[in-house]
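Input: a single structure, listed below in structure tokens.
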Amino acid sequence: MIISLIYFAAGIGIFIWGIFTLTRGLKVFSHQKISQIINNFASNLLKSIIIGFFITLIIQSSSMVTVIAVTMAGAELLTLKSAAGIIIGSNIGTTIAVQLYAFNLFKIAPYLVFIGSVLHFQNCNTKLKFVGNVFLGFGLVFYGLKIMELATIPLKKNSNFELISANLSNPFWGILAGIITALILQSSNVGIATLQVLVSSQLITLPQALPIIYGLNIGTCSEAIILSFASNKEGKKIALFNIFLNIGGTILFLPFTNFFAEFLKLISPHNPLRQVANAHTFFNLFSALLIIPFLKQLFVLIDKLVNK
């Protein structure tokens, strides 16, 4: 079991390396440029949701977008009302990468790594280097997923893992596991990708995975919450809005977890990878749709909590 876990951890490491490589070329979008874009589109809710969605697609981190929003609030460039749409769009945008991981693209991973490496190490053209980073990053991501998948094979017969899986039947343990995982990795996508492998390998069931997804979304709020302690009241409000959005979604989805699992199986009956990816997408999408009609009331509540 120890060797399998070492290989599994190595797979996660390669996966994270892939994400880092994938986004490295996008560092041209500096903190300042992203702040300017947010500032230009934050006045309108629909526009801010769209821009939050696309910024997260680019930098591959919803928590980073929230941190930028809190930082801008600390500099008195952003308010809760103007940041709400950015946070909502960001939560939806972070689900797209996981949808890509659900495609079985390992067969093209060697070609992506080879082409990406060639383009990455040439110094003639920065645009080609950027394309190389994208290719190399995706190749490493799919290699990492494959290594994790292969490492799970011996774990199926291990009684210790069966005991861990049995404990996850309690949804509250699942939520706690998701929160702790997100606190450690500071990324919901790494956790979701790991769940895709575990569910597809039948080490845990889809209903067991869903509370972990809820917890992962809550856990990714931690970075902004910590930063908000050093920010002004508006920064604290933005961080609170982010965590209320995800806790609210968890409260809404938790009683219907088994029905949600059946719905996911119905729309993707033979693809556990897609079932987990869709769970992440639907959780964030419906949480956003359900909270939008009550934004004014939520703003009032947050104002009262922060201004006490």
Side-chain angles (χ1 to χ4, degrees), residues 19 22-23 25-73 77-103 130 134 137-138 141 182 186-193 213-214 216-221 223-224 238-239 241-250 252-253 274 276-295 298-299:
I19 292 177
L22 180 64
T23 57
L26 300 171
K27 296 297 183 183
V28 291
F29 292 90
S30 65
H31 229 273
Q32 186 177 1
K33 287 183 180 179
I34 294 173
S35 297
Q36 288 172 351
I37 294 169
I38 289 174
N39 199 38
N40 290 336
F41 290 93
S43 58
N44 179 280
L45 180 63
L46 180 59
K47 286 181 180 179
S48 62
I49 290 174
I50 293 170
I51 202 65
F53 175 86
F54 281 108
I55 289 174
T56 307
L57 280 184
I58 293 169
I59 66 173
Q60 287 295 301
S61 174
S62 60
S63 59
M64 182 55 68
V65 174
T66 308
V67 164
I68 291 171
V70 172
T71 304
M72 290 178 67
L77 296 174
L78 205 62
T79 64
L80 170 60
K81 290 181 181 179
S82 53
I86 300 291
I87 305 301
I88 291 169
S90 177
N91 277 17
I92 299 170
T94 195
T95 68
I96 303 303
V98 181
Q99 291 288 350
L100 292 176
Y101 306 153
F103 291 103
F130 159 72
V134 173
F138 269 120
V141 161
Q186 284 299 306
S187 171
S188 61
N189 281 0
V190 177
I192 302 293
I213 293 173
Y214 309 155
L216 284 166
N217 281 278
I218 295 171
T220 53
C221 302
E223 198 173 345
I238 292 171
F241 175 81
N242 188 32
I243 198 165
F244 279 175
L245 175 62
N246 289 292
I247 289 176
T250 298
L252 290 167
F253 273 82
R274 185 68 63 198
V276 175
N278 285 341
H280 188 40
T281 299
F282 288 141
F283 175 82
N284 284 283
L285 181 60
F286 286 115
S287 294
L289 291 175
L290 290 168
I291 205 170
I292 287 173
F294 304 102
L295 282 178
L298 185 56
F299 292 160

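Basis for what follows: all heavy atoms, side chains included, without hydrogens, waters or symmetry-related copies.
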Not counting sequence neighbours, which residues clear side chain to side chain contact (heavy atoms under 4.5 Å, CB included) with L298? List them please.
F241, F244, I291, L301, I302
The side-chain hydrogen bond (donor to acceptor under 3.5 Å, both in side chains) partners of T56 (sequence neighbours excluded) come to S90
Counterpart residues, ring-ring contact (aromatic ring centres under 6.0 Å, His included), relative to F53 (two or more places apart)
none
Exercise: identify the closest heavy-atom pair between N189 and A97:
ND2-CB, 3.7 Å
Results of ring-ring contact (aromatic ring centres under 6.0 Å, His included) for F253 - residues two or more places apart only:
F260, F283
Just jot down the side chain to side chain contact (heavy atoms under 4.5 Å, CB included) partners of L46, sequence neighbours excluded, or say none.
N44, I50
Sequence neighbours left out, what passes side chain to side chain contact (heavy atoms under 4.5 Å, CB included) with A277? Give chain and number order.
V98, Q99, A102, Q196
So, for I213 and A279, which heavy atoms are closest and what is the spacing to 0.1 Å?
CD1-CB, 3.7 Å
For L285, check side chain to side chain contact (heavy atoms under 4.5 Å, CB included) against everything at least two apart and list the hits.
I92, L289
Which distance, rounded to the nearest 0.5 Å, do you find between the OG1 of T281 and the CD1 of I96?
6.0 Å
With sequence neighbours left out, write down each residue that passes ring-ring contact (aromatic ring centres under 6.0 Å, His included) with F299, or none if nothing qualifies.
none
N217 and N284 side chains, donor-acceptor separation under 3.5 Å:
yes
Applying side-chain contact (heavy atoms from CB on, under 4.5 Å) between Y214 and each of I247, T250, N246, report the one that passes.
T250
Kindly indicate, with the supporting measurements, whether the criterion side chain to side chain contact (heavy atoms under 4.5 Å, CB included) is fulfilled by L100 and V141.
CA-CA 10 Å; L100 292 176; V141 161; over 6 Å; no
Y101: partners by ring-ring contact (aromatic ring centres under 6.0 Å, His included), with sequence neighbours left out:
F15
Can you confirm whether H280 sits close enough to T94 that some side-chain heavy atom of one is under 4.5 Å from a side-chain heavy atom of the other?
yes
Using side-chain contact (heavy atoms from CB on, under 4.5 Å) as the criterion, point out the one residue from I86, I87, I292, N91 that pairs with I49.
I292
Of the non-hydrogen atoms in L245 and S287, which two are nearest, and what is the gap between them?
CD1-O, 3.9 Å
